[in-house]
There are 2 protein chains.
Amino acid sequence: MSKCEQCIVREFSSLKALNKDELIKMANCKTSYTIKKGENIFEEGETVNGIYCIKDGICKLSKLSANGKDQIVKLVKSGELLGQRSMISDEVTNLSAVALEDMEVCFIPKKEILGFFNENNQFSMNVMKTICGDLRESDDHMVSMAQKSVKERLAETLLYLEDTFGKNEDGSLYIQLSREELAGMIGTATESCIRLLSEFNKTGLIDITGKKITILDRNKLKRMAE
Amino acid sequence: MSKCEQCIVREFSSLKALNKDELIKMANCKTSYTIKKGENIFEEGETVNGIYCIKDGICKLSKLSANGKDQIVKLVKSGELLGQRSMISDEVTNLSAVALEDMEVCFIPKKEILGFFNENNQFSMNVMKTICGDLRESDDHMVSMAQKSVKERLAETLLYLEDTFGKNEDGSLYIQLSREELAGMIGTATESCIRLLSEFNKTGLIDITGKKITILDRNKLKRMAE
DNA sequence: GTCAATGTATGACAAATATCATATTTTAAA
DNA sequence: TTTAAAATATGATATTTGTCATACATTGAC
């Protein structure tokens, strides 16, 4: 069993407030998993009795809408925690979490986390701040959905993907989403998404080579996203 | 100075976890305000150094989008708290709060609230749960914006208004929003909103008499909202 | 390697929604 | 009360976006 002390999740998440003793406690009760690309971590409607620490990989949080389309609400990457909201609310999850690449995650049972809440105020505050940050993002995201055109949202999303997940050595976006997934992020039909990507490609904003997307004109994209 | 002990906000919000001593402390440091319809409680970009308790009235939380339209993110009513997110995040607010009716609010300084966080775990947990609930609502709202048509969202919103703010004796919606505000809630142009209201009126889903809107066929509206 | 399945791409068209113009009604100020 | 301003309503039209059809490309199982 590996220690939690040097874990990337500890370094970047609310867990950085935990002391040595607490980390040892956590290491003793955690369960480690490997999750293959495409597999679920949890599904909409499930009860999540703890928190997942993402050691490696990226996953999507999505919600199936009434018309059968999967809306991607958020992408989560290594160093972050998953499932906090449902665990704290004592509700079933409102979102499904699906791996976009092979992942390494650890599960910490609810009981343990609630113990930390009681003993360690800094940890509580960190979790609170994270959730407040999520809430702000979600509200801003909602306004984008309501007020921006599909083209603006696509421009915004491409920039977000580069800023958040970085580039390969050849300059292309590190994260590779299918067109359907990208459409699911911006909330549009797959065909509309493909059409706009083609347009961006033709007007020199981006380059599309096979599955790889490269942002060529950041400034113009930024202006387009407003 | 009135005591906080019998206040409606204490009854319905996270504050119910506070004990007598804490309530007395709070009563001693609070500031009470009257806010007239149309006035701001705070504006997007301001620093909020505390929490507002809404004793009476309803306000809208909105965000000005790049195209100049005001998107209403949430309505908040008496018994609820306001400004928690920004206070906890230590960030300026991302939303403006404007009174939809005359309001009575109390302001509790941040220092006091942080003290309660340290001393009273149940209070911390309550605040956390509230924010988690807000996050869930916001995510769900975002998916509606992204996936539903304007008609579906209008149906959904009318039902929400009746469920949340109730009816007058004549059966009409208690809360009266202008067409522009209603359009701002569902994220559409004012004219589109007006047109759909007319359509709902003609097809017998609702009745419009002057400013008053009455829901006539809940079930059909529910089916329409999916 | 072959082939089916899936993903990507594009055209044609339909539907939804925004925009602009203008009329009518309501509200509030003088 | 009168009058200007604002809100509501509706038509005409343009634009955006979705849907359906189809073609082509890529992938993975056998």
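Being a predicted model, the structure only gives us computed values, none of them experimental. Chain letters run A, B, ... following the sequence lines, proteins first, then strands; residues in each count from 1.
Here the P atom of nucleotide D:dG11 and the CD1 atom of B:Ile194 are 13 Å apart, to the nearest Å. Between the CG atom of B:Asn201 and the P atom of D:dT8 there is a distance of 14 Å, given to the nearest Å. At whole-Å resolution of the value, CG in B:Asn67 and P in C:dT17 are 16 Å apart.
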Identify each atom pair where a protein N or O and an N or O of nucleotides 28-30 of chain C are less than 3.5 Å apart, giving names and distance.
none

Distances under 3.5 Å between protein N/O atoms and the N/O atoms of nucleotides 25-30 of chain D, please, pair by pair.
none

For nucleotides 11-14 of chain C, print each protein N/O atom paired with a nucleotide N/O atom at under 3.5 Å, atom names and distance only.
from	atom 1	to	atom 2	distance (Å)
C:dG11	N7	A:Arg195	NH1	2.9
C:dG11	O6	A:Arg195	NH2	3.0
C:dA12	N6	A:Arg195	NH2	3.4

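Taking only side-chain nitrogens and oxygens, B:Lys212 never comes nearer than 4.0 Å to OP1 or OP2 of C:dT26. Dashed line: the shortest gap from a side-chain N or O of A:Thr190 to OP1 or OP2 of C:dT8 is not under 4.0 Å. Under 4.0 angstrom from either OP1 or OP2 of C:dA9 there lies no side-chain N or O belonging to A:Ser198.
The salt bridge (charged side-chain N to carboxylate O under 4.0 Å, His left out) analysis of residues 149-161 of chain B, with sequence neighbours excluded, yields the pairs B:Lys148-B:Glu156, B:Lys151-B:Glu199. Residue pairs meeting the salt bridge (charged side-chain N to carboxylate O under 4.0 Å, His left out) criterion with at least one member in residues 31-46 of chain A, sequence neighbours excluded: A:Glu44-A:Lys63.
Less than 6.0 angstrom separates the ring centroid of B:Tyr52 from the ring centroid of B:Phe107.
The pair A:Arg218-A:Glu162 meets the salt-bridge criterion, since a charged nitrogen lies less than 4.0 angstrom from a carboxylate oxygen.
Within residues 148-161 of chain A, the residues that place at least one heavy atom under 4.0 Å from DNA chain D are, in residue-number order, A:Ser149, A:Val150.
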